[in-house]
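Here the structure is a predicted model, which is why all the values come from computation and not from measurement. Below, chains carry the letters A, B, ... as their sequence lines are ordered, and counting in each starts from 1. Every heavy atom of this structure was used, including side-chain atoms; hydrogens, water molecules and symmetry mates were not.
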Amino acid sequence: MRPPELIKISPVIWELPVSYKTGMRVPARIYATEKLIDQMDSGVFDQVSNVAMLPGIVNYSFCMPDGHWGYGFPIGGVAAMDTDDGVISPGGIGFDINCGMRLMLTSLTYDELKPKLHKLVDKLFNNVPTGVGEKSRYAISKSDFRKVMINGSRWCIENGFGWQEDLLRTEETGCIDGADPSKVSDKAVERGYHQLGTLGSGNHYLEIQVVKRESIFDAKTAESIGIFPDQVVIMFHCGSRGFGHQIATDYLRVFLKAMPEYGISVPDRELACAPFRSGVGQDYFSAMKCAINMSFANRQMIAHQVREVFADVFGVSAIRLSIHQVYDIAHNTAKLEYHDVNGVRKRLLVHRKGSTRAFGPDMEGIPQEYKKTGQPVIIGGSMETGSYLLSGVKSGKQTFYSTTHGSGRVMSRKQARKQFRGKELQMRMEKEGIYTRSVSYGGLAEEAGKAYKNIDDVIDAASMAGISHPIVKFLPVGNIKG
DNA sequence: ATGTAC
């Protein structure tokens with residue numbers, strides 16, 4: 001359903017000019033192949049051009065190749081705002097603040113895993129709380145949770161839930177500066193303090209994956225990261241649970257009320273925003289950072305539980321099994337970054353909603369060990385089709401160093417439930433060598449591979465456009481989900 | 001995504 005006004009800039013870049021809609025301050029750019037652009041719902045074109053109307057937006061309103069309709073902004077949306085006269089918008093970050101991915105390696109080969117796969121997946125399913133409303137296995141007081149809001153993953157490491165090196169291999173070393181718990185409602189704390197180390201539901205999952213020799217695209221980089229053929233790896237996807245959700249809800253309400261006071265009008269209530277420099281804008285920014293830190297800590301606690309389960313099932317310590325983390329990266333955030341805009345270095349608030357930061361080689365803010373290769377980008381595909389590790393590249397400058405975050409839905413959850421049967425899907429996957437455990441069959445059906453775009457198409461588009469570089473593809477063999 | 005509705 002592409003609009004006739006859509007201009008093809010290159011085989012993988014499409015533009016809606018400012019003339020497309022009254023009020024657009026910048027053009028909108030969608031990264032997609034012909035095939036992917038035709039798979040995008042009309043909501044993408046509508047929303048990406050709405051975002052182009054927001055005050056202070058710089059260069060373009062972007063949508064990544066996995067883009068689809070979302071709350072206000074498209075999922076796959078990127079919008080960099082001028083920090084002097086621009087806005088901050090919860091819809092540009094997502095309800096699940098710091099939803100993100102973590103990738104961990106093992107020294108195990110697929111043959112070593114096979115006899116224990118069922119036991120491993122069952123034990124992960126029993127140990128990592130999975131599903132809506134599930135609570136943490138750890139008793140964490142509200143005063144400890146306050147420390148988590150401020151210190152993120154660092155709190156976990158200090159309390160024995162992980163390894164020091166995990167911090168170095170986490171975006172922001174697992175703790176973003178400037179989190180202020182006084183800006184977070186009691187209700188959010190009430191929902192969040194017992195959610196550390198829980199997976200959640202929907203498309204949140206934990207997967208055991210295998211490296212196929214033929215799916216290593218950049219052997220040199222893969223080897224330098226510690227990846228080898230037939231290796232077993234662990235990937236998971238989750239965020240800040242009810243905690244971040246409540247913070248987003250709280251501030252959307254505040255912003256809706258504040259907008260007229262600042263003279264801001266938006267084409268869609270879901271684009272509620274406030275000037276970044278305003279009191280409420282800064283309050284949300286500081287509260288959102290608490291959710292960013294909570295989410296890093298959540299994934300750290302899951303990583304800890306994963307190591308425990310592996311050690312238990314294989315009867316060898318996690319250190320002996322070399323369960324080292326590759327990286328942990330968010331795909332739902334707004335962050336202050338310095339970028340070159342028409343030759344001038346400017347401080348921007350980069351909203352990435354279902355989009356992954358992909359800093360190129362030598363850039364500040366990526367771990368020393370990845371300075372040469374570029375920042376690792378972890379892409380979760382559907383549970384049937386596989387996932388990717390990419391790296392950031394120099395030419396990522398065009399999108400403020402942002403790329404895709406996953407496959408992107410082509411079918412609504414409702415539609416998927418109608419079209420697929422969870423039980424059948426589980427049996428078919430089992431036959432294909434993928435053992436899944438899920439809280440509900442309906443939930444499983446929503447995540448069917450065919451409900452998503454083809455992950456290879458999405459990665460090809462991102463690669464062709466020069467916004468990230470494929471290193472390796474992983475194939476799923478075990479999966480737990482909410 | 002979410003104690004799937006304020």
Exercise. Does NZ or CZ of A:Arg169 fall inside the cone over A:Tyr327's six-membered ring, less than 6.0 Å from its centre and within 45° of the axis?
Worked result: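 The answer is no, since A:Arg169 fails at least one limit relative to A:Tyr327.
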Provide, to the nearest angstrom, the distance between the [atom1] atom belonging to [X] and the [atom2] atom belonging to [N].
X        : N     : atom1 : atom2 : value
A:Lys187 : B:dT2 : NZ    : P     : 16 Å
A:Ile97  : B:dT2 : CD1   : P     : 12 Å
A:Leu256 : B:dC6 : CG    : P     : 13 Å
A:Asn332 : B:dT2 : CG    : P     : 11 Å
A:His245 : B:dT4 : NE2   : P     : 9 Å
A:Glu270 : B:dT2 : CD    : P     : 18 Å
A:Arg241 : B:dT2 : CZ    : P     : 5 Å
A:Leu252 : B:dC6 : CG    : P     : 12 Å

Problem set entry | Residue closer to the 5' end of DNA chain B, A:Glu447 versus A:Arg253 (nearest nucleotide) |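 Its nearest nucleotide lies further toward 5', so the answer is A:Glu447.
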For this session: Evaluate the criterion side chain to side chain contact (heavy atoms under 4.5 Å, CB included) for residue pair A:Val377 and A:Tyr388; output intermediate values, then yes/no.
Result: CA-CA 8 Å; A:Val377 172; A:Tyr388 277 82; over 6 Å; no
For this session: On the 0 to 90° scale, with breaks at 30° and 60°, tag the A:Phe255-A:Tyr251 ring pair as parallel, tilted or perpendicular.
Result: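 The rings of A:Phe255 and A:Tyr251 stand perpendicular, inter-plane angle above 60°.
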Exercise. Does a side-chain N or O from A:Ser201 land closer than 4.0 Å to OP1 or OP2 of B:dT4, or not?
Worked result: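 For B:dT4, OP1/OP2 do not have a side-chain N/O of A:Ser201 under 4.0 Å.
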Exercise. When all nucleic acid strands are considered with a 4.0 Å heavy-atom cut-off, which category describes A:Glu190: base, sugar-phosphate, or nothing?
Worked result: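 Result for A:Glu190 = nothing.
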For this session: Test A:Met149 against every option in A:Val189, A:Asp180, A:Asn293 by the side-chain contact (heavy atoms from CB on, under 4.5 Å) rule and name the one that passes.
Result: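 Among the candidates, only A:Val189 passes.
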